[in-house]
Amino acid sequence: MKKVRTRFAPSPTGYMHVGNLRSALFAYLIARHYGGEFILRIEDTDRSRYVEGAVEFIYDIFNKFGLKIDEGPNNEGKCGPYIQSERLPLYKKYAEELVKMGKAYYCFCSEERLEKLRKEAEENKVPFLYDKHCLKLSKEEVEAKIKAGIPYVIRQNIPDEGITEYDDLVYGHIAIENRLLEDQILIKSDNYPTYNYANVIDDHLMGITHVTRGNEYLSSTPKYLLLYEAFGWESPVYIHMPHVIKTDGTKISKRNKDDNLIDLLNDGYLPEAIINYLAFLGWSPEDNEEILSLDELIKKFDIKRISKSSGAYDVMKLRWVNSHYIKKLDDDKLIELVRPHLENTYDLSNKSDEWIKDLILLYRDHLSYGKEIIEVSSLFFKEEISLDQECREFMQQEGIDETLKIFKDEISKIEEWNLENINIAINNTKEKSGAKGKMLYMPIRIKVTGQMHGPELPNTLYLLGKDIVLKRLN
RNA sequence: GGCCCGUUGGUGAAGAGGCUUAACACACUGCCCUUUCACGGCAGCACUCAUGGGUUCGAAUCCCAUACGGGUCACCA
């Protein structure tokens, strides 16, 4: 069996969202599962889209997520260059070969003529297909027009009859009638290849065995197949993937913060967790394990288990996965992840490193992502706390005022502020007030933190400091 | 509009004719644990698999229609 090679082929926009990574990840998992190679190719045949530094950006992202690129623009293998704009002569050469074989032809039709055709098609309510007008041109006519400097494109010559079919590894058998396929443009008038064409040439030349891509190409794949056939090349295996959408059913947008990988990383989501979660969008393993490392994913990944219907990217589930990984982090790593968020939001100038460390560790089991520390720990930084409806209702219960009075008294008696003495104060309050359990802890928690939920109470009190605790008990 | 693909709960999904009175997980609700909170554990949450026909002794699973959603029909990728 040939060595499996897959590729990720983005256009250099300098941007990646969760859907893009999911696509790359599937290609990556397939390559690694079979002990194959993963290639990065930059598809910059649309010159207007190019963004400076996009290649470095992509390498950086892959690096952050622990995905190794075997061959690409920055680490070339045998199939370079890996940037399409640097492969122009190649595309031209193969296109001319196709022309010689009669599988492609020069087209000089003007934008105006095409526009007119399109309009007519629309009026007649039929799909627009180029009418092969320039196919009728004689060799001499073509040469004369080229010599005269008339701009031209090269179009694929697709047969009017017959059916082109293939077996997609995810969607199964797909058959399209050739008469429904347009004589698509291979080489644009600016001498650049179109995506559709460059793709075929590159995938073949780069030895790609498994082509992964979004299912929007399901019905245009026969055009590619016809090209492979024309050249007498063996076609790759096709793996069309379902799309990633949002939970409301709309497309993933560039603007949304929750979808952008850089934002996710900046908000304190862990790369391993994102990878783990994304692998499950449109795929599931045979067993029920949901927390899987990249190595485990590679081992378990099975093309046959990719689903056909699109999956919704749900941040809530990502958070759940991420919280698993946060719990496994050692203290130093956790602090490294969380501390910057505190620093960016709150004034820590009068807090010791020890205090900050304790605060973060106090919240370990409560955090699902790094930035969450800001809202959950706000009680430590607020001057005033206010109680919501639920808290106020709880506080109306009988005896609570008395309990708090006793507790305040006990707290003010503490000379050395430490966990042990805080616990003694709580216990003394229990003895003197007769309150216990929820009726003992909850009033204190609400009065001092303003919340009914939060981390371990004695530790919270300790970190708040005696002054603030007393102040809030007033 | 033509063609292609899809449709299991709020979400991810398992399920490839009888083992399904539809797994598992997120979210949600309740209980247990915890002298509070969280973690963790347990339970509840689709009388049904878009709808309607058909095939079959038997269908979420096969077939056909319809509806809905997505894609495609560019000198964009």
Side-chain angles (χ1 to χ4, degrees), chain A residues 9-13 43-46 48-49 84 107 109 111 114 118 121-122 124-130 151-155 168 170-172 174-177 179-182 184-196 198-199 213-222 240 242-243 245-247 249 251 277 280-291 304-305 307-321 323 327 362-366 376 426-427 430 435-446 449 451-460:
Chain A
S11 52
T13 58
E43 312 224 323
D44 60 342
T45 55
D46 179 8
S48 60
R49 281 203 197 186
Q84 288 187 328
C107 171
C109 287
E111 192 56 50
L114 295 176
R118 254 190 280 273
E122 200 176 324
N124 298 329
K125 292 203 188 305
V126 294
F128 169 73
L129 287 181
Y130 179 66
Y152 65 87
V153 300
I154 297 180
R155 305 187 93 109
D168 184 83
V170 173
Y171 287 90
I174 307 287
I176 309 277
E177 291 183 67
R179 64 180 179 86
L180 300 171
L181 301 173
E182 186 179 34
Q184 63 174 345
I185 292 173
L186 270 20
I187 301 281
K188 301 185 253 186
S189 56
D190 63 3
N191 245 324
Y192 273 63
T194 55
Y195 160 85
N196 293 300
N199 223 271
R213 43 151 76 129
N215 66 12
E216 67 268 28
Y217 299 108
L218 221 35
S219 49
S220 51
T221 296
H240 287 96
H243 283 135
I245 55 174
K246 297 202 281 189
T247 44
K251 277 200 247 181
Y277 171 69
F280 281 75
L281 264 183
W283 175 80
S284 64
E286 212 165 344
D287 55 39
N288 279 328
E289 292 291 319
E290 289 205 87
I291 302 298
K304 289 202 290 291
R305 297 187 65 86
S307 72
K308 293 186 178 75
S309 48
S310 37
Y313 164 71
D314 181 2
V315 205
M316 293 312 285
K317 184 115 188 198
L318 203 213
R319 285 185 189 167
W320 176 77
V321 174
S323 70
K327 288 191 185 88
L362 184 61
Y363 279 102
R364 174 190 285 280
D365 287 342
H366 297 249
V376 294
I426 293 174
N427 272 320
K430 177 184 161 191
K436 57 180 181 177
K438 200 164 192 160
M439 286 308 286
L440 171 65
Y441 272 76
M442 199 50 87
I444 300 173
R445 180 183 288 284
I446 291 175
T449 72
Q451 296 167 356
M452 292 185 81
H453 309 274
E456 201 60 34
L457 191 57
N459 301 273
T460 305

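What you see is a predicted model; the values in this text were computed from it and never measured. Letters go in sequence order (proteins before strands), and every chain restarts at 1. Only heavy atoms go into these numbers, but all of them, side chains included; no hydrogens, no water, no symmetry mates.
The strand RNA chain B forms stems, runs of 3 or more Watson-Crick or G-U wobble pairs with distances below 3.5 Å, at B:1-7 with B:67-73, B:10-12 with B:24-26, B:28-32 with B:40-44, B:50-54 with B:62-66.
To the nearest whole angstrom, the two P atoms, one in B:C75 and one in B:U61, are 42 Å apart. Between B:C57 and B:A65, the distance separating the two P atoms is 24 Å to the nearest Å.
Counted within 6.0 Å of CD on A:Glu216, heavy atoms from surrounding residues, nucleotides or ligands total more than 12; the atom is thus considered enclosed.
Listed by chain and residue number, nothing satisfies the side chain to side chain donor-acceptor pair (under 3.5 Å) test with A:Arg305 (two or more places apart in sequence, or in another chain). Legend: residues meeting ring-ring contact (aromatic ring centres under 6.0 Å, His included) with A:Phe280, ordered by chain and number and at least two apart, are A:Trp283. Qualifying ring-ring contact (aromatic ring centres under 6.0 Å, His included) partners for A:Tyr195, counting only residues two or more places apart in sequence or in other chains: A:Tyr217. Partners of A:Lys246 according to the salt bridge (charged side-chain N to carboxylate O under 4.0 Å, His left out) rule, which considers only residues two or more places apart in sequence or in another chain, do not exist here. Legend: residues meeting salt bridge (charged side-chain N to carboxylate O under 4.0 Å, His left out) with A:Arg118, ordered by chain and number and at least two apart, are A:Glu111, A:Glu115. With sequence neighbours left out, the salt bridge (charged side-chain N to carboxylate O under 4.0 Å, His left out) criterion links A:Glu289 to no other residue. Under the side chain to side chain donor-acceptor pair (under 3.5 Å) criterion, A:Asp44 pairs with A:Ser85, sequence neighbours left out. Under the rule for a side chain to side chain donor-acceptor pair (under 3.5 Å), the partners of A:Tyr152 that lie at least two apart in sequence or sit in another chain are A:Lys92.
Nearest-nucleotide positions on RNA chain B for A:Gly437 and A:Thr247 put A:Thr247 closer to the 5' end. Heavy-atom distances to RNA chain B give each of A:Asn427 and A:Asp287 a nearest nucleotide, and the one nearer the 5′ end belongs to A:Asp287.
Heavy atoms of A:Leu180 sit under 4.0 angstrom from primed sugar atoms or phosphate atoms, though from no base atom. Nucleic acid contact for A:Arg213: none, since no nucleic acid atom lies under 4.0 Å from a heavy atom of the residue. Among the protein residues, A:Leu281 comes within range of the sugar-phosphate backbone only, with heavy atoms under 4.0 Å from sugar or phosphate atoms but none that close to a base. Counting non-hydrogen atoms under 4.0 angstrom, A:Gly282 reaches the backbone sugars and phosphates but no base. Across all strands shown, A:Gly311 has heavy atoms under 4.0 Å from sugar-phosphate atoms exclusively, and none from any base. In this structure, A:Leu457 reaches the bases: a heavy-atom distance under 4.0 Å links it to at least one base atom across the strands shown. At the heavy-atom level, A:Met452 lies under 4.0 Å from the strands shown only through sugar-phosphate atoms. Within the 4.0 angstrom heavy-atom criterion, only backbone atoms of the sugar-phosphate kind lie near A:Ile174; the bases stay farther away.
Taking atom NE2 of A:His240 as the reference point, atom P of B:G6 lies 13 Å away to the nearest angstrom. What separates CG of A:Asn124 from C1' of B:G2 is a distance of 13 Å, to the nearest Å. The separation between A:Met442 atom CE and B:A38 atom P is 7 Å, rounded to whole Å. Computed from coordinates, the A:Tyr363 OH to B:C37 P distance equals 15 Å when rounded to whole Å.
Distances shown here put a side-chain N or O of A:His453 below 4.0 Å from the OP1 or OP2 atom of B:A38. In this model, the phosphate group of B:A25 is not approached by any side-chain N or O of A:Arg319 to a distance below 4.0 Å at OP1 or OP2.
A donor-acceptor pair under 3.5 Å is formed between the side chain of A:Lys188 and the backbone N or O of A:Thr45. The closest donor-acceptor contact from the side chain of A:Glu182 to the backbone of A:Tyr130 lies under 3.5 Å. Side chain of A:Thr449 to backbone of A:Gln451: a donor-acceptor contact under 3.5 angstrom is found.
Scanning both residues, A:Leu181 and A:Leu129, for their nearest heavy atoms gives C-CD2, 4.0 Å. When every heavy atom of A:Gln84 is checked against every heavy atom of A:Ala198, the shortest pair comes out as NE2-CB, 3.4 Å.
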Checklist outcome for this item: Protein heavy-atom contacts under 4.0 Å, written 5' to 3' over nucleotides 61-77 of chain B as B (base), S (sugar-phosphate only) or - (none), form the string ----------BSSSBBB

Under 3.5 Å, which protein N or O atoms sit close to an N or O of nucleotides 26-31 of chain B? Give each pair with its distance.
{"from": "B:C26", "atom 1": "OP1", "to": "A:Trp320", "atom 2": "NE1", "distance (Å)": "3.2"}

Atom pairs under 3.5 Å, N or O on each side, protein against nucleotides 48-51 of chain B: can you list them with distances?
none

